[in-house]
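One structure below.
Residues take their numbers from the sequence shown, with the count starting at 1. None of these values were measured; they are calculated from a predicted model. For ligands, and for the atoms within them, numbers begin at 1 and follow the listed sequence.
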Amino acid sequence: MTTTEELLASDRRYIWHPFTQAGTAPDPIPVARAYGAVLEDTEGHQHLDMISSWWTTLHGHAQPEIVEAIHRQAQTVEQVIFAGNTHAPAAELSRRLAHILPGGLNRTFFSDNGSTAVEVALKMALQYCQNVGDSGRTRFLAFDGGYHGDTVGAMSAGVSSQFFDPFNDLLFPVDVAPVPPTFDGDTEIEKREQEALARLDTHLEQYGHSTAAAIIEPLVQGAGGMRMHRPEFLRAVAHRLHHHGVLVIFDEVMTGFGRLGEQFACLKAEVTPDLICLSKGLTGGFLPMALTVTQDYIHDAFLGESIDRAFLHGHSFTANPLACAAALASLDLLEGERCTRQRAHIEQQHRDALAELMKEDVVTRPRVYGTLMAFDVELGDDSGGYRSAAGPWLKRFFREKGLLIRPLGNVVYLMPPFGITDDQLATAYDGLREAVRRLPHELT
Ligand SMILES: *Cc1c(COP(=O)(O)O)cnc(C)c1O
């Protein structure tokens, strides 16, 4: 038996954690068990996972149907090279997704995480242009505030997020168009949308013919601060891109699989992209896997006699059968009536709680899409953004309250697993209320 102290000592000595300044960070939570929306630490304390463990845990931790599916699959085929081989879980998953995704999105390329799904989409788009003899299209367009992952291509597409300063010299150039974020009660959004669209028009008139693809997080820019835009805006953007022959890539790594209420943001917005990137919630949060799904006309442009026309890309664990089995079990749950009802129920509770929170002066820009709710905290002279002083104070406060909530700078959001109970949600809302009441006194 390892004691908590031994575990933390090994961690401190041997582990390098992601997105962490180890020089100042508190000890990590030593998680011993996880079930539903609860993380239980080695001392038996419970922490409510209000961010679905970085947006991956879809239904709940240790969801029995998914546990069972992985167990069963592990006894048949656990892993097999996917070049030259195939298997039922991968074929069945691709077939089912083709029926759920909007028309034409029916060719699935497998990889391992959100970043690789994005890399695949960018590479596919560029090679597609070459394969169809349109090799003058070499530019990429991304959107201000977007985040697409931490590998070099994904960083290039997310360059406006400013996480990547040390690596700027590595990144390939990407054009950046504006997105006007909105919130409940925003009266000037149409004007800001018109301005953004006018700037996009100007850009596309000059560079549309030399642009291979545009990548956007549809409806919500996640890591950039849960910035939401309207379906109307997304439709107008996609229409313009298609008019200029630019491929549209939707990065639904966060928004996919029911997070925004509907199964996918593209369905909610009624826009069909040319390529879509999926990951985080795909396996219900059990195993790492990602998909880049595209249309037959893109896939078919890679057919021919020569290997040079093919898409020469792959990863060791492509289409891992265990992950596919988990994804199928997760889809069964997601498509069930209970889950659909539960997502609508969470949305309603978010809206009621947000109305209460809005009574506090520091709470601004309330916004909800499905099971995701967010607001900004605004404190007199705080600069806001990722370096806001409110963020670290809030994170500490929530941790003391047994709530796993990680503000993005001054943006506070909840994205619970769908199986969360009303009581657990109420506990989280109480924590939010206490936090926003105390914040002005603590930080001034
Ligand atoms: C998290 C995220 C990624 C990157 O996914 P990883 O699995 O962390 O590589 C890409 N795009 C979006 C929208 C994301 O939220």
Exercise. Salt bridge between D376 and R367, side-chain N to carboxylate O under 4.0 Å?
Worked result: yes
Exercise. Any idea which atoms of ligand 1 are less than 4.0 Å away from a heavy-atom of W55?
Worked result: 15 (O)
Seminar exercise, completed: In this structure, atom 14 (C) of ligand 1 is nearest to the protein heavy atom K280 NZ, 2.9 Å
For this session: Kindly confirm or rule out an N or O of G114 lying under 3.5 angstrom from an N or O of ligand 1.
Result: yes
Exercise. Of all the non-hydrogen atoms in the protein, which one sits nearest to atom 9 (O) of ligand 1, and at what distance?
Worked result: S115 OG, 2.6 Å
Exercise. Can you check whether E217 has an N/O within less than 3.5 Å of an N/O in ligand 1?
Worked result: no
Exercise. In terms of atom number and element, which parts of ligand 1 are under 4.0 angstrom from non-hydrogen atoms of M254?
Worked result: 15 (O)
For this session: Answer yes if the side chains of H61 and H59 hold a donor-acceptor pair under 3.5 Å, and no otherwise.
Result: no
For this session: Compute whether any side-chain donor of one residue and acceptor of the other, for S52 and T57, lie under 3.5 angstrom apart.
Result: no
Problem set entry | Presence of salt bridge, K191 and E195, under 4.0 angstrom | yes
Exercise. Relative to the heavy atoms of G149, which atoms of ligand 1 are at a distance of less than 4.0 Å?
Worked result: 4 (C), 10 (C)
Exercise. Among side-chain atoms of Q424 and T427, is any donor-acceptor pair under 3.5 angstrom?
Worked result: no
Exercise. Among D251, V118, N113, which one has a heavy atom closest to atom 12 (C) of ligand 1?
Worked result: D251
Exercise. Any Lys/Arg nitrogen of K268 or E262 sitting under 4.0 Å from an Asp/Glu carboxylate oxygen of the other?
Worked result: no
